[in-house]
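The structure appears right after this line, and notes come after that.
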Amino acid sequence: MTSTPARALEDIADWAYAPAPQATDVVRISPENGLFINGEFAPAADGRQFATVNPATEAPLAQVAEAGQADVDRAVAAATAAYELVWRPMPGAERAKYLYRIARIIQERAREFAVLESLDNGKPIRESRDVDVPLAAAHFFYYAGWADKLEYAGLGPAPRPLGVAGQVIPWNFPLLMAAWKLAPALAAGNTCVLKPAETTPLTALLLAEVCQQAGLPPGVVNVLTGDGAAGAALVAHPGVSKVAFTGSTEVGKAIARTVAGTGKKLTLELGGKAANIVFDDAPVDQAVEGIVGGIFFNQGHVCCAGSRLLVQESVAEPVLDRLRRRVETLRLGDPLDKNTDIGAINSRVQLDKIRELSQAGEQEGAERWSPPCQLPERGFWFPPTIFTGVSQSHRIAREEIFGPVLSVLTFRTPEEAVAKANNTPYGLSAGIWTDKGSRILWLSRRLRAGVVWANTFNKFDPASPFGGYRESGYGREGGRHGLAAYLDA
Ligand code: NDP
């Protein structure tokens, strides 16, 4: 034996992951990208464009057309014609074939989608490759199965599509949100005009290319890249019968005001401030993994993130000790490195918001902790951060930070846990960690949250409905319930 046990331990402490970069040559980004209207890519009517950048480097990736009112009019007209002439009259079994085809092509081009998503969004390739893209394909597969069975969805014997769906999506899961919106709408027989977020337009455009490749009839799916004004114009357009929005509560409220009294159907999937509740009988290592996944997955840019940890007082110290040790092992950096756990923040605006709220946390008296962590010089970065000594009145306990920042509160009894978990204007999700099934059932009946995870967190499945209470919005996406939003039963 040449090395002593002490020496061996030192070697382990010095050991670091070698870089494991994902090749980017699977992706070809066109320097200029048009709007996708009536099955073709074309510039905006007024020729306007904007740049989309790689948030990990701030390097421009491409120029993208910026849709204006004339483009919204054109897209809605194309979607209306496709609805009347092709998509509505088409038998469900035929529509299903297109959805299956889109799902299969997403699978075939999975690596291309994953790399493009990580380049444009900043999320780790491991997440885009293993979560976003497979789940996007799964949504098309799942809803393809419903297209010829709508009369068995429990929504009446002859449910009818609504017409043109105007769909506005955010930047945190650009491809996945596009799939959440398009797949049920198309299965139900509607046509779509989709407005992706300004900072993440590229995978929606690649999905448009996939629609072309699948031979989807022109006008059935249209993609309008642009800013909030394009989203507002789409939502207000009289030719749109159904509006589906995911994003901030503030914009959701503005959309609800626009749509009120128009007869348009509306679903809103808005923000959250979820409680992740850990009891003293929880398996600690498993709970720590769930806490880490709950808040640091996708840099915390997750509407249902477990951003408030409620830990039972008697186990708070050991749980926090292990949590800090675990967070020290997370690797932050190049999103395209297969070892990266935490990628870039999506935009400077979002980074400023995270910084501002974290400063407010310190000023209000909470204790801030981050592991030693070197941030890259260029790009938008924020280290994983844990606040302890948080009280319910602190802004970091009330407002959605939408970043890798965890606020820790404690409780003594299950009743106190419920009261604190529900003390939020939001109500999207919650997590419970305990060994007792009866306690899970007791709590899940009392938590005001659309989704309650037990001994796990951030698990998604196309068959499972997702949505919120109160300021987290209304309507459900996913599962049989997700069809109701797109059918007039
Ligand atoms: P927004 O709600 O502004 O954006 C979501 C989508 O709506 C984007 O496509 C956006 O376009 C578009 N939009 C903006 N204004 C309007 C409008 N008046 N009418 C119609 N569509 C509009 O979210 P932000 O990106 O500004 O993020 C702000 C905060 O919102 C985050 O910090 C986070 O707290 C929360 N958020 C929550 C999300 C969730 O999943 N619940 C997702 C994203 C953000 P554009 O990209 O050009 O602004």
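Note that ligands are numbered from 1 as they come in the structure, with each ligand's atoms numbered from 1 the same way.
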4.0 Å protein heavy-atom contact status of atom 26 (O) of ligand 1, strictly under
no

Aromatic ring centroids of F457 and W453 under 6.0 Å?
yes

Would you tell me which option among S248, G228, P174 has the nearest heavy-atom contact to atom 2 (O) of ligand 1?
S248

Run the numbers for me: atoms of ligand 1, each under 4.0 Å from some heavy atom of G271, listed by number.
41 (N)

At under 4.0 Å between heavy atoms, which part of P196 makes contact with ligand 1: side chain, backbone, both or neither?
backbone

Determine, using heavy atoms of G272 and all atoms of ligand 1, whether some pair is separated by less than 4.0 Å.
no

Ionic contact status for E471 with K253, cut-off 4.0 Å
yes

Salt bridge or not between E127 and K123? Use side-chain N to carboxylate O under 4.0 Å.
no

Any idea which protein heavy atom is nearest atom 12 (C) of ligand 1, and the distance to it?
V168 CG1, 3.6 Å

N423 and its side-chain hydrogen bond (donor to acceptor under 3.5 Å, both in side chains) partner, picked from Q392, K273, R308:
Q392

Between R126 and D341, does any NZ, NE, NH1 or NH2 come within less than 4.0 Å of an OD or OE carboxylate oxygen?
yes

Check for me whether A254 has a heavy atom closer than 4.0 Å to any atom of ligand 1.
no

Compare F245, W171, F402 and give the one whose heavy atom is closest to atom 24 (P) of ligand 1.
W171

If you compare A233, A197, C303, S347 by their heavy atoms, the one closest to atom 40 (O) of ligand 1 turns out to be C303

Heavy-atom proximity to atom 11 (O) of ligand 1 ranks first, among K195, E250, Q167, E198, for K195

Given W180, which of Q167, H139, E477 fulfils the side-chain hydrogen bond (donor to acceptor under 3.5 Å, both in side chains) condition?
H139

Looking only at heavy atoms of G226, does any of them come nearer than 4.0 Å to an atom of ligand 1?
yes

For the pair F36 and F41, name the ring-plane relationship: parallel under 30°, tilted 30 to 60°, perpendicular over 60°.
tilted

One thing to verify: whether R28 and E112 come together as a salt bridge, which I'm taking to mean a side-chain N less than 4.0 angstrom from a carboxylate O.
no

Check each of A230, G473, A232 against atom 19 (N) of ligand 1 and report the one with the nearest heavy atom.
A232

So, do R348 and D352 sit near enough that their side-chain heavy atoms are less than 4.5 Å apart?
yes

Take every heavy atom of F173, measure it against each atom of ligand 1, and state whether any distance is under 4.0 Å.
no

